[in-house]
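Per chain, numbering begins at 1; letters A, B, ... match sequence-line order. All figures in this text were calculated on a predicted structure; none of them were measured in a lab.
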Amino acid sequence: MLEPSYKPKELEEKVRVYWDKNNIRRRVEEREDQKEVVGYVEGPPTLNGEPHIGHVRGRFYKDLWFRYATLSGKKVIFRGGWDTQGLPVELQAAKELGITGEKQELIKIGMEKLVEKAKEMIKTYYASWISSDRLLGLMMDHEKDYWTYRDEYIEREWQILKAAWEERLLGESYRVVGYCPHCQTALSHSEVSSEYELLEDPSLYYKAKLRDHENRYIVLWTTMPFTLITDVMVGANPDASYSIVEVGNEEWVIASNRVADLMNELGIADYKVKGNVLGVDLKGKRYYYPLAEEVPKQKEYDEKFKTHVMVLDQSVDISTGSGLVHMAPANGEIDFNIAQREGLPIFNPFDDSVHFTQEAGKYAGIFARDTDFIVIEDLRKKGLVIKASKIIHEYPTCWRSHHRLVWLARREYFYWVDKVGDKALKAAEGVEYFFEAPKNRFLNIIREMKPWCISRERVWGTPLPIWTCSQCGEKNALFSRKEIVQNALELPDGPNFELHRPWVDRITIKCKKCGGKAFRESFVLDTWHNSGASQYAAFTDEEYRRYVPVEFLTEGIDQTRGWAYSLLILSVIFNKAPKSCYKAFLFQGHILGPDEAKMSKSLGNIIDGNETLSQYPVDAIRFYFAWKVSPIATLVFKPNEILERPFQVLNTLYHLHVYLQQNSVLDGFNDKKHNLIWAQKEGKLNFLDEWILSRSQRITEETIKSYSKSEFNEAAKTLEKFIIEEISQKYVPAIRRELWSDDPSTLDRRLTIYSVLSYCLKKADILLHPICPFITDCLYLECFTDRKDSILFESFPEVDEKLLNDLVERKFTLVDRMISTANALRMKAKLKRRWPVRETVFIIPTTEDFTEQEIRVLKDLINTKQLTIATDLASAPTKYNLKPNVEKLGKRLRKDLPKLFTFLERTDRDTLAEELIAKKKVELEIEGIKLILHEEDFQFIIEPKEGYDLLESDGIKVLMKVSRESDLIKEGTIRDVARRIQAYRKEIGLNPTYVVKSVILWSDDNEIIETVREKVEELKFLVRTENIETVERCDEDWKEEEIDGKRLMIKIVI
RNA sequence: GGGUCCAUAGCUCAGCUUGGUUAGAGCGUUCGGCUGAUAACCGAAAGAUCGCCAGUUCAAAUCCGGCUGGACCCA
């Protein structure tokens, strides 16, 4: 039996234990009766921290989908995985070791230490995640989880590299990165943007002479003079206007809108604007490279590649400097991109410590930033400096060492996504995204087809398995341990070395081409490559063939450019075809804290997952997640909201089951026998039953449709309405009266009600299960004997067309409105609902045939002795009142108007009104004056006849005879008394069905006592007692109650 | 700086495609009532300048433009 009150935390733990004990998860996976087998491999959470509430939401959607798919008749291979490598893990591990991870530090403590720490750390966080998953009820196969750092995973990941290598989609190029000269490491984008400091730098205005012009110079500005050494071109904005300014005997080119300010800044008063030239017309103009003597290599480039030329780009800012920008592709990302576009070379004469190499001529061997002032001096000697001063500005620094970063073009490995053609887009277009906005965004990202830099200068990651020959430069790519061992020159750690740095670095390879010694490219792979390989790497070949493309995936919207992208690109590369490894991808919105702020470690407003899941009912949290907003919307997480509506829905669902169970047990109900088929055969279904059965079909249809479209909030709202509004608020109150009886002659009717209720609740349980697995499985197991070992072995109900009944639904809606109106009238007339009324008349706008059964139900619910339903006023106990239109009549009758008033007071206005309505006009003679009254002279007001009250709402008029007649008063009194006794019974903890020995009553009101005596049998039945006594005196410890100001004392003898 | 999306009651949303009564609903709030499953329920009330500014139109929450604010992605 269910406990009489809903204690979610106890219930949920009981269900968890039940699932574990009965191996439900494994049995669901191993069952053989499912039609279709589909795969799901989750996006791996990064094990560098505790799960927070946002992660919990994401995992909830995964579980929801799993349960939905399972109940839809699919067998889901539901695999979990963990992201265990890459920058975030490495940084966290370094932090926990108390180091910053710079190169020198690592050399000192050894990479082994960092790797060891990373492995240890991910195990710790893994435990937290597993705990949270268990609390959440995530039915994921954690026994078969994939771990991205494991050798077997890495070897499979390499297979994708291999495919790319074979297709020539993998290769070397340069990428401009923020680089710390001190730590000698490249920084990731997020690392760069996290640290900016106010620093002093040189501010240099200089000029470069244009070729093909007598005395014409371009004016340029830089805060990094050393980049003049790597200067390749000058950018102009194609849309801007540039002025030719005469200064002394020279002509300077400056953006027109900068001339005045710039001259002012440079302290040049004597100048003259000679003319203008458009940005576009500057294209292709070449200038003399200022440091040609110092850097011979540049002179070579000049001749060979026609460098030191003006190019056009929208990004050139004409609001600072001179509106022309000097560009050094080796030291700037935009510069680099433009150089690539223009087919200009990258002059990149730096070593790892950011000192210039021999190629830099005069500057060789000097640290880049130390050449700033040397360059200024060299320019000054040539008379090219216009002004050299200092500037304080925000500049990115290294978060570890706080050294200034330098932008450097580093040699990296790339996937040439731009050469994949339209395969990626085709693959992406074939995927279901459920919502338009994320779909468009994703497709736009795919359309960019930008090369993907997959190499990272890091330690803890999948190593790039390429060895470069120290003699001939040949790249020896080896994509498995076996190949490496076979080609190894040196294997210091034996053939079973770990596939990580530093072990893999120690291996040297015999060059395939020349037999020379080849060393590994010391890169590791981008972590997105690592996790993006999961759909292949997490499976065996056989599984990959069977389950990929997987049926569905869901992750946060931030994964659009992350995991969703890398999965798709890797799938296309690996398959060498426009094939996505997933059929559907649902992008979820983010979660915000209660203050609508983004949760972040620095703000300290992170809501912990385990804590929240322990504190609140998990079903309610899950319902809240699903119900509050659509999965793509941002969810503002306000914990107190969980206990409002979501809890209410679950509480109601629980008590509906309690109600069914408590009542049905007494009547020996057996859902195997007394099912719907039985009830239909018995013919005891009334229109209330037909209504709720019809509704349940619609709810089934709508819910499943919403689930299939990933509109989980719609599904939750549909079920909320069904449970609260339809079953709890309408159906149960309507049938409640019938269940109070224990008359054997109506047993079949009660069993019918149980069968209907049982049918609807079971349906609701199954439909709600994906959202709220604990309560639904518990109620399912407790309340139904016609069941399986878990609700998860059920399947979504089919819509039973035979039970759909438009007519009944329409009629019920009307009846419902009629009851509401009647209740409103009672309220207005101060008529308690327990008091029956003699007569009720409805005037409704539509013709409906009501069956005798329906009338009976209505009478019961309205608590009326007589009931009439009409569509017009003809037989209604109404009369008209007339309100004369004084303005109109006054003009016509003038001084005779008072006579009309007197007449109206004396006459039967109802009859007059009906005559006016029928004939449009009436002729009268009042005190010898003949009058013609028109219909439009009056306003007609409908009023109830004497003894009735009237209310109109929503087009329905209801009239009730409100007179208090003695038998009705007595009936009401009995109900009043009964209700107080019942409340007391409940208070002292008596079961509703328990029959007590005696109820003893005392009252200071004779009428009450007399009524009780008169209706003692009825009262005995109502309050379930063998005997009722009324007494003259009572003790003070009796229960004191009040009925309309009169005292009632109650004693119950058990 | 660029892109995508969003803005309607305290909260969550509907209405916008196709312009046309008084902008709806649920939750929450207040008051009153009911209750032998319930923390349920019933009735009433309060609560909105439809982000702002212009435009098109007889008529704009709805269509167009701009602005402001927010979210996300990318620089």
Side-chain angles (χ1 to χ4, degrees), chain A residues 2 4-6 189 192-193 314-315 317 333-334 337 435-445 447-448 450 556-562 565 587-592 594 596-598 624 627-630 632-636 638 640-641 643-663 713-714 716-717 720-721 723-725 727-730 732-733 736-737 739-740 757 761 816 819-828 830-834 861 863 951 953 975-976 978-987 990-994 1022-1024:
Chain A
L2 286 169
S5 66
Y6 174 41
H189 227 283
V192 171
S193 38
Q314 294 288 351
S315 71
D317 183 6
E333 195 172 352
I334 295 173
N337 292 338
F435 301 93
E436 280 303 306
K439 174 185 178 175
N440 293 340
R441 211 149 55 89
F442 189 55
L443 292 182
N444 282 338
I445 290 169
R447 279 193 196 100
E448 286 174 10
K450 283 205 292 208
I557 190 128
D558 52 314
Q559 299 295 333
T560 316
R561 197 174 282 265
Y565 178 82
F587 294 104
Q588 311 154 15
H590 273 171
I591 202 159
L592 299 179
E596 303 196 19
K598 198 172 169 177
Y624 175 69
W627 166 85
K628 183 167 176 173
V629 289
S630 136
I632 49 160
T634 304
L635 185 142
V636 179
K638 299 182 180 174
N640 58 311
E641 289 178 340
L643 297 177
E644 288 169 4
R645 189 64 168 180
F647 184 80
Q648 218 174 60
V649 173
L650 301 185
N651 192 43
T652 304
L653 181 70
Y654 186 88
H655 283 282
L656 284 167
H657 284 79
V658 170
Y659 180 72
L660 167 66
Q661 199 180 46
Q662 279 183 357
N663 284 280
N713 55 325
E714 298 296 332
K717 277 174 182 150
E720 172 196 20
K721 192 177 169 208
I723 292 165
I724 290 200
E725 286 181 35
I727 305 184
S728 176
Q729 292 179 7
K730 299 199 170 121
V732 168
R736 176 181 283 161
R737 206 71 54 83
L739 292 190
W740 278 354
L757 205 49
L761 290 177
D816 187 51
I819 293 170
S820 285
T821 314
N823 286 337
L825 176 63
R826 276 177 176 275
M827 191 67 57
K828 188 180 141 201
K830 297 218 181 299
L831 264 179
K832 291 192 185 189
R833 206 135 353 130
R834 280 193 301 272
L861 292 175
N863 197 12
L951 185 81
S953 150
R975 287 201 188 181
D976 265 335
R979 132 118 187 87
R980 263 100 184 151
I981 297 170
Q982 282 159 347
Y984 185 38
R985 278 183 60 124
K986 194 178 180 185
E987 195 181 314
L990 287 179
N991 190 296
T993 53
Y994 180 78
L1022 281 174
V1023 303
R1024 305 222 176 195

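B/C13 is paired with B/G24 under the Watson-Crick or G-U wobble criterion, all donor-acceptor distances under 3.5 Å.
Between the C1' atom of B/U38 and the CG atom of A/Leu2 lies a distance of 13 Å, rounded to the nearest Å. At whole-Å resolution of the value, NZ in A/Lys730 and P in B/A40 are 17 Å apart. Between the CG atom of A/Asn713 and the P atom of B/C11 there is a distance of 18 Å, rounded to whole Å. To the nearest angstrom, C1' of B/C73 lies 15 Å from CD1 of A/Ile632. Distance, A/Phe435 CZ to B/C6 P: 13 Å, rounded to whole Å. Distance, A/Phe587 CZ to B/C5 P: 15 Å, rounded to whole Å.
With ring centers used as reference points, A/Phe435 lies 6.0 Å or more from A/Phe587.
Side chain of A/Gln729, nearest nucleotide from B/C42, B/G28, B/U12: B/C42. Among the nucleotides B/A75, B/C73, B/A37, the one closest to the side chain of A/Ile445 is B/C73. The side chain of A/Asn651 has B/U38 as its nearest neighbour among B/C41, B/C73, B/U38. Of all nucleotides listed (B/C41, B/A37, B/U12), B/C41 comes nearest to the side chain of A/Ile724. Considering only side-chain atoms of A/Gln648, the nucleotide from B/A75, B/G28, B/C73 that sits closest is B/G28. Here B/C72 is the nucleotide among B/U38, B/A75, B/C72 with the atom lying nearest to any side-chain atom of A/Ile557. Taking the side chain of A/Arg645 as heavy atoms from C-beta on, and the options B/C41, B/A75, B/U12, the nearest nucleotide is B/C41.
Using a 4.0 Å heavy-atom cutoff across all strands shown, A/Lys717 reaches sugar-phosphate atoms only and no base atom. Looking at heavy-atom distances under 4.0 Å, A/Ser728 makes contact with a base. Nucleic acid contact for A/His590: sugar-phosphate only, since backbone atoms but no base atoms lie under 4.0 Å from a heavy atom of the residue. If you check every strand for non-hydrogen atoms under 4.0 Å, A/Gln661 touches nothing. The residue A/Glu644 sits apart from the nucleic acid: no heavy atom pair falls under 4.0 Å.
Scanning atom types as modelled, no donor and acceptor separated by under 3.5 angstrom connect the side chain of A/Thr652 and the base of B/A39.
Residue A/Glu725 is the one, among A/Glu725 and A/Ala978, whose nearest nucleotide of RNA chain B lies closer to the 5' end (criterion: closest heavy atom).
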